[in-house]
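This is the structure, below, for whatever I ask next.
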Amino acid sequence: MEVKLWNDKREREMYENFSELYAIIKATEKLEKAYIRDLVSPSDYETECQKLIVHFKTLSATLKDLVPNVERFAETYKMDCSAAVYRLVTSGVPATVEHRAAAVASTSSSASVVAECVQNFITSMDSLKLNMVAVDQVYPLLSDLSASLGKLSILPPDFEGKVKMREWLVRLSKMGASDELTEQQARQLHFDLESSYNSFMAALPNAGN
């Protein structure tokens, strides 16, 4: 006995679209698992995943009134395809593209902080050379330097520059704003800054690897 799933052309088209959506989600789930298990090359994965995402977006637009929630659609048909739902609905791009974007963002962020650290080192050393030795002149510069070093995750907590800058900030915080560093203190601070800067620059190649 033949059972008809539809009563008219409109219902038939609806079920055919449901079937297509089901197939796309299932195919994406299998592709995601194959990629995770290294059973497909990144380039092949990206090509096929991009095709599935494009098909999914086109079909989703067509079914937006009938299937407003894809997660619920997957639950209704007991699909157990969390990886596919994430890739198609949440991410919208292949994992390879997602990883490249994260790497670029991380690199850009690190490069920006490195540049900030270098600028703060140079500014602090130059200010001492210009005899800017009052506490209210030195403290903000060292505070900015310490903060920028703290933002760079590639440097360990006991990095020389971090430790020395903290020590100087503690020392300066116990002085008055108008107090000035003695010639000996200014010389020692400049030495510590230069030594920390050299250690900082030496640490960068290791950070890039």
Side-chain angles (χ1 to χ4, degrees), residues 32 35-36 38 42-43 45-46 49-50 53 57 71 82-83 85-209:
E32 288 294 305
Y35 175 64
I36 291 171
D38 205 23
S43 58
Y45 160 80
E46 186 171 321
C49 188
Q50 193 64 63
I53 290 171
K57 288 181 177 178
E71 291 96 328
S82 56
V85 171
Y86 171 79
R87 185 63 52 213
L88 297 170
V89 179
T90 307
S91 173
V93 295
T96 45
V97 175
E98 204 170 48
H99 297 161
R100 284 200 299 271
V104 169
S106 175
T107 301
S108 299
S109 176
S110 295
S112 174
V113 177
V114 167
E116 184 181 319
C117 289
V118 170
Q119 182 179 342
N120 287 332
F121 265 120
I122 294 174
T123 301
S124 298
M125 288 188 284
D126 284 350
S127 68
L128 292 175
K129 290 178 182 178
L130 295 173
N131 202 36
M132 296 172 61
V133 292
V135 171
D136 60 358
Q137 293 174 316
V138 178
Y139 190 94
L141 298 177
L142 298 189
S143 180
D144 287 345
L145 173 56
S146 180
S148 60
L149 290 173
K151 288 190 287 186
L152 202 58
S153 59
I154 60 175
L155 300 176
D158 60 349
F159 173 69
E160 177 187 350
K162 290 183 178 182
V163 175
K164 289 186 180 297
M165 291 311 105
R166 282 197 296 266
E167 291 174 348
W168 274 105
L169 288 171
V170 169
R171 192 178 310 174
L172 293 172
S173 66
K174 296 177 182 177
M175 300 168 64
S178 60
D179 290 346
E180 294 187 351
L181 298 178
T182 64
E183 184 179 345
Q184 183 179 356
Q185 287 174 323
R187 187 171 180 176
Q188 182 63 50
L189 174 55
H190 189 277
F191 176 82
D192 288 345
L193 283 166
E194 194 164 28
S195 174
S196 297
Y197 177 69
N198 291 334
S199 297
F200 173 76
M201 297 303 290
L204 293 184
N206 295 331
N209 294 332

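If you read the sequence from its start, that first residue is 1, and numbering goes on from there. Note that this is a predicted model, so its numbers are computed, not measured.
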Could you go step by step and tell me if Asp136 and Asp179 meet the side chain to side chain contact (heavy atoms under 4.5 Å, CB included) rule? CA-CA 8 Å; Asp136 60 358; Asp179 290 346; over 6 Å; no
What is the minimum heavy-atom distance between Tyr35 and Pro42, and which atoms define it? CE1-CA, 4.1 Å
I'd like to know whether Thr182 forms a side chain to side chain contact (heavy atoms under 4.5 Å, CB included) with Val133, so could you lay out the CA-CA distance, the side-chain angles of the two residues, the decisive distance to 0.1 Å, and finally the verdict. CA-CA 8 Å; Thr182 64; Val133 292; over 6 Å; no
Give me the atom names and distance for the closest heavy-atom approach of Ser199 to Glu160. OG-OE1, 2.7 Å
CD1/Ile122 to CG/Leu145 distance, rounded to the nearest 0.5 angstrom? 11.0 Å
Between Asp192 and Gln188, does any side-chain donor sit less than 3.5 Å from a side-chain acceptor? yes
Salt bridge (charged side-chain N to carboxylate O under 4.0 Å, His left out) filter on Glu180, not counting sequence neighbours, yields none
Side-chain contact test, heavy atoms from C-beta onward, threshold under 4.5 Å: evaluate it for Gln137 versus Ser127 and give yes or no. no
Where do Ser124 and His190 land on the side chain to side chain contact (heavy atoms under 4.5 Å, CB included) test, with the steps shown first? CA-CA 8 Å; Ser124 298; His190 189 277; over 6 Å; no
Any chance you could measure Asp144, atom CG, to Gln119, atom CD, to the nearest 0.5 Å? 9.5 Å
Would Tyr45 and Glu32 count as having a side-chain donor-acceptor pair, cut-off 3.5 Å? yes
How many angstroms lie between OG1 in Thr96 and CD in Glu46, if you round to the nearest 0.5 Å? 3.5 Å
Which pair of heavy atoms, one from Ala186 and one from Leu128, lies closest together, and at what distance? O-CD1, 3.9 Å
Selection residues 140-168 - residue pairs positive for ring-ring contact (aromatic ring centres under 6.0 Å, His included), sequence neighbours left out: none
For Pro94 and Gln50, work out which heavy atoms get closest and say how close. CD-OE1, 3.4 Å
Non-hydrogen atoms of Ser146 and Met165 that approach each other most closely: CB-CB, 4.1 Å
Determine the minimum heavy-atom distance between Arg87 and Ala95, stating which atoms define it. NH2-CB, 3.4 Å
Mind checking the CZ-CG spacing from Phe121 to Asn198? Nearest 0.5 Å is all I need. 9.0 Å
Interatomic distance, Leu142 atom CG to Ser173 atom OG [nearest 0.5 angstrom]: 11.5 Å
Kindly determine whether Asn120 and Leu141 satisfy side chain to side chain contact (heavy atoms under 4.5 Å, CB included), including the steps that lead there. CA-CA 7 Å; Asn120 287 332; Leu141 298 177; over 6 Å; no
Within a reach of under 6.0 Å around CD of Glu71, are more than 12 heavy atoms found that belong to other residues, nucleotides or ligands? yes
Side chain to side chain contact (heavy atoms under 4.5 Å, CB included) partners of Ser143, counting only residues at least two apart: Tyr139, Leu169
How long is the gap from CE on Met132 to CG on Leu181, to the nearest 0.5 Å? 12.0 Å
